[in-house]
Amino acid sequence: MEPMEPDEPMQPGQPAGPVDDAVREYIEAIDPRYRPLFDRLHALVLQTCPQAAVALAYRMPSYRLGPRRLYLGVWQHGVSLYGWGPGRDGGFAERHPELRSGRATLRLRPEQAAAIPDEEFRALVRAALD
């Protein structure tokens, strides 16, 4: 796979897309070390599935499209993605087994995520929510 050109970066401190106050508070409280990675993934979810509803669930942002959910949360060393159904990750976990942290959970450190093209994350989002 050829590396992709980087997308337009988000403006620091500006969450992509519409979010309610609870989600905004969550985002504003993110450790600055992990905020760029969170903003990148948040923007990719909203760019890939702009019709997804965003709300706080289980104390983290949840993206809902019909009956499907995808959760994006911060942990002590990075950002995690949670909650897709079995086989609904577009093969992401198979290509990146070192990032798996249980069933339907990926833990991403910023340096690991930097090596993964946006299109791989978009494929995961599409598989999880579409």
Side-chain angles (χ1 to χ4, degrees):
M1 172 180 258
E2 292 184 10
M4 299 195 50
E5 290 296 319
D7 290 342
E8 281 294 313
M10 294 181 55
Q11 295 301 314
Q14 297 298 315
V19 296
D20 65 21
D21 288 341
V23 173
R24 187 175 318 286
E25 287 173 19
Y26 181 96
I27 292 171
E28 289 172 359
I30 293 172
D31 184 316
R33 294 175 293 171
Y34 309 126
R35 179 68 187 267
L37 174 54
F38 181 92
D39 286 347
R40 175 187 174 200
L41 295 174
H42 175 72
L44 287 171
V45 172
L46 294 177
Q47 290 165 3
T48 304
C49 294
Q51 67 278 32
V54 183
L56 215 58
Y58 302 105
R59 294 185 284 169
M60 71 184 94
S62 167
Y63 306 84
R64 186 182 80 234
L65 191 54
R68 300 205 173 109
R69 308 278 188 282
L70 183 64
Y71 303 91
L72 181 59
V74 177
W75 60 291
Q76 66 186 20
H77 299 293
V79 175
S80 291
L81 289 159
Y82 309 87
W84 56 86
R88 299 196 66 86
D89 70 352
F92 190 96
E94 187 176 302
R95 288 188 303 279
H96 302 282
E98 72 283 2
L99 302 177
R100 289 184 63 191
S101 177
R103 194 180 84 201
T105 301
L106 297 171
R107 285 191 169 179
L108 298 157
R109 294 173 185 262
E111 62 275 7
Q112 293 169 312
I116 300 172
D118 287 350
E119 188 51 42
E120 282 208 56
F121 289 116
R122 285 188 188 102
L124 166 64
V125 171
R126 278 191 295 273
L129 292 178
D130 279 347

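All residue numbers refer to positions in the sequence shown, counting from 1.
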Restricting to side-chain hydrogen bond (donor to acceptor under 3.5 Å, both in side chains), what partner residues turn up for Arg64, sequence neighbours left out? none
Which atom names give the shortest non-hydrogen contact between Phe92 and Glu120, and what distance separates them? CD1-O, 3.7 Å
Counting distance only, does the side-chain N/O of Tyr63 pair as donor-acceptor with the main-chain N or O of Arg68 below 3.5 Å? no
Please name all residues satisfying side-chain contact (heavy atoms from CB on, under 4.5 Å) with Arg100, sequence neighbours left out, ordered by chain then number. Ala93, Leu106
Between His96 and Gln112: side-chain donor-acceptor atoms closer than 3.5 Å: no
With Asp21, which residues qualify under salt bridge (charged side-chain N to carboxylate O under 4.0 Å, His left out), at least two apart? none
Just checking Glu94: does its CD atom have more than 12 heavy atoms from other residues, nucleotides or ligands closer to it than 6.0 angstrom? no
Could you check whether any side-chain N or O of Arg69 sits under 3.5 Å from a backbone N or O of Gly66, counting only pairs where one atom can act as donor and the other as acceptor? yes
Contacts of Arg109 meeting salt bridge (charged side-chain N to carboxylate O under 4.0 Å, His left out) (sequence neighbours excluded), chain-then-number -> none
Atom of Ala52, atom of Leu129 and distance for their closest heavy-atom approach: CB-CD1, 4.5 Å
What one should report as the nearest heavy-atom pair of Arg126 and Thr48 is CG-CG2, 3.4 Å
Approximate separation, where rounding is to 0.5 Å, of Ser80 OG and Tyr34 OH: 11.0 Å
Under the side-chain contact (heavy atoms from CB on, under 4.5 Å) rule, collect the residues that match up with Ala55, sequence neighbours excluded. Asp20
Could you give the distance from CD1 (Ile30) to CG (Asp39), rounded to the nearest 0.5 Å? 6.5 Å
What is the minimum heavy-atom distance between Cys49 and Asp130, and which atoms define it? SG-OD1, 3.6 Å
Rounded to the nearest 0.5 Å, the CG atom of Leu124 sits from the CD atom of Glu119 at a distance of 11.0 Å
Verify, without hydrogens or angle tests, whether Arg107 (side chain) and Trp75 (backbone) share a donor-acceptor contact under 3.5 angstrom. no
Closest contact, heavy atoms only, Tyr26 versus Met60: CE1-CA, 3.9 Å
Once you round to the nearest 0.5 Å, how far does NE2 of His42 lie from CG of Leu37? 13.0 Å
Less than 4.5 Å apart, side chain to side chain, heavy atoms only: is that true for Asp89 and Leu81? no
Given side-chain contact (heavy atoms from CB on, under 4.5 Å), test Ile116 with Leu99 step by step and report yes or no. CA-CA 11 Å; Ile116 300 172; Leu99 302 177; 3.7 Å; yes
Interatomic distance, Asp118 atom CG to Leu44 atom CG [nearest 0.5 angstrom]: 4.5 Å
Name all residues meeting the side-chain contact (heavy atoms from CB on, under 4.5 Å) criterion together with Ala57; count only those two or more places apart in sequence or in a different chain, and write none if there are none. Ser62, Tyr71
If you take all heavy atoms of Ile27 and Phe38, which pair is closest and at what distance? CG1-CE2, 3.5 Å
